[in-house]
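Before any comments, here is the structure.
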Amino acid sequence: MPLTVRRTIRHPRRGRPGTLSVLTVLVLATSGLTAASSAAEPPSAADPTPVTRAGLDPALTSGRGADVRFQEQEAENAVTDGERIGPDRTAYTLPAEASGRSAVKLERGEYVEFTLPKAANAITVRYSIPDAPGGGGIKAPLDVTVNGRSHRTMPLTSEYSWLYNQYPFTNDPGADLLHPDWWITECSCVPSATTPAPEIQKPFRPMHFYDEQRMRLPKTYRAGDKVRLTVPAGSKAEWTVIDLLDSELVGAPHVRLKAVNALLHGADPTGRRDSAPAMDRAIAQARRLDLPVYVPPGTYQVNRHIIVDDVTIEGAGNWWTVFKGKQVKLDKPAPDGSLHTGVGFYGRSAADGGSRDVHLSGFAIEGDVRERIDTDQVNGVGGAMSDSTIRGLHIRHTKVGLWFDGPMDNLRVSDSIVVDQIADALNFHTGVTDSSVSHTFVRNTGDDGLAMWSEKTANARNTFDHNTVQSPVLANGIAIYGGTDTTVSHNLVADPVREGSALHAGSRFGAEPFAGKLAFTNNTTARAGAYELNWKIGLGSIWLYALDRDVDADIRVTGDHYLDSTYNAIMLVSEWSVKDKYAIPAVHFKDLRIDGTGTSVLSARVKGSATFENVDARNVGAVGVNNCGSFNFPSTGSEFSLTDRGGNDGGTAAGSWLAPWLLPNTITCDDRPPVVTPPAPSPW
């Protein structure tokens, strides 16, 4: 087809090779980074606080995401005498990291009040309070009352939040650049190679503002009762931001009578004594007797790894049985490079044969990780576990909630909660096969929420299904790095903040090639797509990235819903330095619903092709297809071609977003179009 230029052609600025890595940055408020809809009118005291899922009307997420036992209510929808902040999607701001991109900021003496939607005897509060002036965090109280009575105090802390600076980040707000020899966007320069040296504002790139706290209430309260959170007059915190309240009805403790009881081996439920040796003894006896280990209600101090192999460990439920530990500095680095250890349940390493038949359920793991040291094995669950199950855990304040180093096979993770991590929530790393994660809830990770990384040895036949990932402050909600026959289905992903988006597949980080089928099926994303300042473009809610090699597999994206995309709904991209070397040869999109984009439905910045069938769009902010190809602009048209298989409707007042004149490879390369704020998503 002859070349037809429908938009202004602009060449991209050339950034550093491999700029879209975890080392890149996001700063600066830019147009289009605010949320898609303005704040609603403040509710009156008579209004019930609506229940949401990832800040959305639950009707918009039906059948997608994790089945959870709690009810989520956003603070900005509750009754308050504080200040509603947001909506705003600008990285390094409190609203951007909040669920739904909005929250409530309270000064001393102010409150926010929620109306319980169902009977509840426990709550979780997601909040932020300031850091200490020199870093390290502060502690402050929050008063909790129900119906004006039953006063209790919830302890808040910022000791596990507030990171700064360049990867791998620091707790020191006054630190100089960790890597002055890296190119940064703030000056568009390499500071150490620039004369005069640029002045870098401190604190530099603050992030990871939020934490959450759980509390059991003194009794069960009914639907319609009022839970009020008030900042005491004498609080050390100058301000307190409340993002949301989760409420639930926690059942009685689970009891297992025919088991090896950890208390009988010296485990201390008060947390005063180290219970790790007692757990070792209980596990040894359980293996001899072929019985499970039962850990009754209590808080158990554990400051190192508990090694598990061919054993079942059951707690009384993750609200009742808690393993809590301090991070311990090792006298000398471990053989794996670890400088610290901490609480965690680990299978044997794959090099030692791995572990099998491990079954963990019904307890919480609370770590003490406050900084990111990538060589440290300070994860909640780790090692290699084949033919194993992990169910009903609650993990927070570890580096990674669950990090599995294969080769290993047939692991099932389900019905768990992973929050407030320094890095990922879960990663299938290196040769993990025939394994799955389902009905798991993730919030506030410092890197990818759920990831599969085929480093050195390919993962194969794995599935992420019916999970919820909210507010990853860095990288992606769900990320697939290489591997064979991978399925990502029925997930709900919302509010990624920087250097990533909701759904991602990338040939990067040294991953083995994609092969077989890569399926994204029936997922929903909300408010996804961060602004990538090195490229000076916005990412798609789903984005595929060819950096180390082609992304060449049978890639099928079917039934996804992309709601309120900050920029593009779909993005296919390569890095400038390899743009003529690597491609995304064939992707097939079918039965998609796209409701609201700040820019285009599709942004293509790579050579390759895609087909589209029954892709319906509305409230599209720019030209439906932004097709730059690989930026060589040949007279024959773009190096990326599109095929219309029918049923692609809506998107613009002028007609379908995939108009005939766009096919197969018309160059429409306004690669930084103005961002148009779409209306809030609504039922289709």
- request: Begin from the C-alpha positions of D548 and S507 and carry the test side-chain hydrogen bond (donor to acceptor under 3.5 Å, both in side chains) through to its verdict.
  value: CA-CA 5 Å; D548 294 346; S507 62; over 6 Å; no
task: Give, for atom CG of N444 and atom CD1 of I422, the distance between the pair rounded to the nearest 0.5 Å.
output: 9.0 Å
Side chain proximity check, E113 to L229, heavy atoms < 4.5 angstrom: no
- request: Examine the side chains of D131 and Y164 and answer whether a donor and an acceptor come within less than 3.5 Å of each other.
  value: yes
query: Under the 3.5 angstrom rule, does the side chain of Q301 hit a backbone N or O of G271 as a donor-acceptor pair?
result: yes
field: Validation row, ring centre W403 to ring centre H429 under 6.0 Å
entry: yes
query: Any donor-acceptor pair under 3.5 Å linking the side chain of T430 with the backbone of E455?
result: yes
message: Taking salt bridge (charged side-chain N to carboxylate O under 4.0 Å, His left out) as the definition, give me every residue that meets it alongside D495, ordered by chain and number, with sequence neighbours left out.
response: R101, R527
message: If the condition is side chain to side chain donor-acceptor pair (under 3.5 Å), which residues does W239 pass it with, not counting sequence neighbours?
response: none
- prompt: Does a side chain donor of either T124 or R214 reach within less than 3.5 Å of an acceptor in the other side chain?
  reply: no
- prompt: Should I365 and V381 count as side-chain neighbours, where that means a heavy-atom distance under 4.5 Å?
  reply: yes
- line: Sorted by chain and number, sequence neighbours left out, ring pair (Phe, Tyr, Trp, His ring centres under 6.0 Å) with H305 holds for Y346
message: For R443, is there an ion pair with D246 - N to carboxylate O distance below 4.0 angstrom?
response: yes
- prompt: Hey, mind stepping through F169 and F204 against ring-ring contact (aromatic ring centres under 6.0 Å, His included) and telling me if it holds?
  reply: CA-CA 10 Å; F169 318 116; F204 185 53; over 10 Å; no
message: Applying salt bridge (charged side-chain N to carboxylate O under 4.0 Å, His left out), can you list everything that pairs with D368, at least two apart in sequence or on another chain?
response: R370
task: Using the test side chain to side chain donor-acceptor pair (under 3.5 Å), find all partners of Y562 that sit at least two apart in sequence or belong to another chain.
output: D560
message: Is a donor from one side chain sitting under 3.5 angstrom from an acceptor on the other, for T170 and D172?
response: no
task: Mark yes or no for whether D448, through its side chain, and I478, through its backbone, hold a donor-acceptor pair below 3.5 Å.
output: no
statement: Hits for side chain to side chain donor-acceptor pair (under 3.5 Å) against T398, two or more places apart or cross-chain, chain-then-number order -> Q421
message: Do L106 and T80 have side chains that approach each other closer than 4.5 Å (heavy atoms only, starting at C-beta)?
response: yes
- prompt: Is there a donor-acceptor contact under 3.5 Å from the side chain of S501 to the main chain of G529?
  reply: yes
query: Can you check whether T61's main-chain N or O pairs, donor with acceptor, with T524's side chain at less than 3.5 Å?
result: no
Residues D211 and H397: side-chain donor-acceptor under 3.5 angstrom: yes
statement: Rounded to the nearest 0.5 Å, the OH atom of Y545 sits from the OG atom of S574 at a distance of 6.5 Å
Pair E186 + R205: basic N to acidic O under 4.0 Å: yes
query: Between M452 and N427, does a side-chain contact (heavy atoms from CB on, under 4.5 Å) hold up when you go through it step by step?
result: CA-CA 6 Å; M452 302 184 199; N427 197 309; 5.9 Å; no
- prompt: Just wondering, do P232 and R108 contact through their side chains at under 4.5 Å, heavy atoms?
  reply: no
query: Would you say R605 and D671 make side-chain contact, with heavy atoms under 4.5 Å?
result: yes
query: Any luck finding a side-chain donor-acceptor pair between E575 and W535 under 3.5 Å?
result: yes
Residue pair S416 / T440, side-chain donor-acceptor N/O under 3.5 Å: no
- prompt: With no hydrogens and no angle check, is any side-chain donor or acceptor of H340 less than 3.5 Å from a backbone partner on K329?
  reply: no
message: Checking the side chain of E532 only, and the main-chain atoms of G538 only, is there a donor and an acceptor separated by less than 3.5 Å?
response: no
message: With rounding to the nearest 0.5 angstrom, report the CG to OG1 distance, L330 to T341.
response: 6.0 Å
- request: Please round to the nearest 0.5 Å and tell me the distance separating atom CG of D81 and atom CD of E107.
  value: 10.0 Å
- prompt: Quick one: side-chain contact (heavy atoms from CB on, under 4.5 Å) partners of T52, sequence neighbours excluded?
  reply: E72, E74, N77
- request: Would you mind checking if D447 and R372 are paired as a salt bridge, meaning a charged N to carboxylate O distance below 4.0 Å?
  value: yes
- request: Would you indicate whether the side-chain heavy atoms of V488 and I480 approach each other to under 4.5 Å?
  value: yes
Pairwise side-chain contact, E97 with S471, heavy-atom cut-off 4.5 Å (strictly under): no
Polar side chain donor-acceptor pair, T566 to R89, under 3.5 angstrom: yes
- request: Please identify each residue that fulfils salt bridge (charged side-chain N to carboxylate O under 4.0 Å, His left out) with D176, with sequence neighbours left out.
  value: K202
query: About how many Å separate CG of N379 and CG of L402, when rounded to the nearest 0.5 Å?
result: 8.5 Å
task: Kindly write out the residues that satisfy side-chain contact (heavy atoms from CB on, under 4.5 Å) with A511, not counting sequence neighbours, or none if the list is empty.
output: W453, Y481
- request: For H504 and S541, indicate whether the former's side chain and the latter's backbone hold a donor-acceptor pair under 3.5 Å.
  value: no
- request: Indicate whether any N or O donor in one side chain lies under 3.5 Å from an N or O acceptor in the other, for S338 and D376.
  value: no
Contacts of type side-chain contact (heavy atoms from CB on, under 4.5 Å), residue Q213, not counting sequence neighbours: Y127, M154, P155, R396
task: For Y210, enumerate each residue passing the ring pair (Phe, Tyr, Trp, His ring centres under 6.0 Å) test, keeping only those at least two apart in sequence or located in another chain.
output: none
Test item: E76 and I85 side chains (from C-beta on) under 4.5 Å apart, heavy atoms: no
message: Listing request: all side chain to side chain donor-acceptor pair (under 3.5 Å) pairs with a residue in residues 190-200, at least two apart in sequence or in separate chains.
response: none
- prompt: So T468 and N491, side-chain contact (heavy atoms from CB on, under 4.5 Å) or not? Walk me through it.
  reply: CA-CA 6 Å; T468 297; N491 301 288; over 6 Å; no
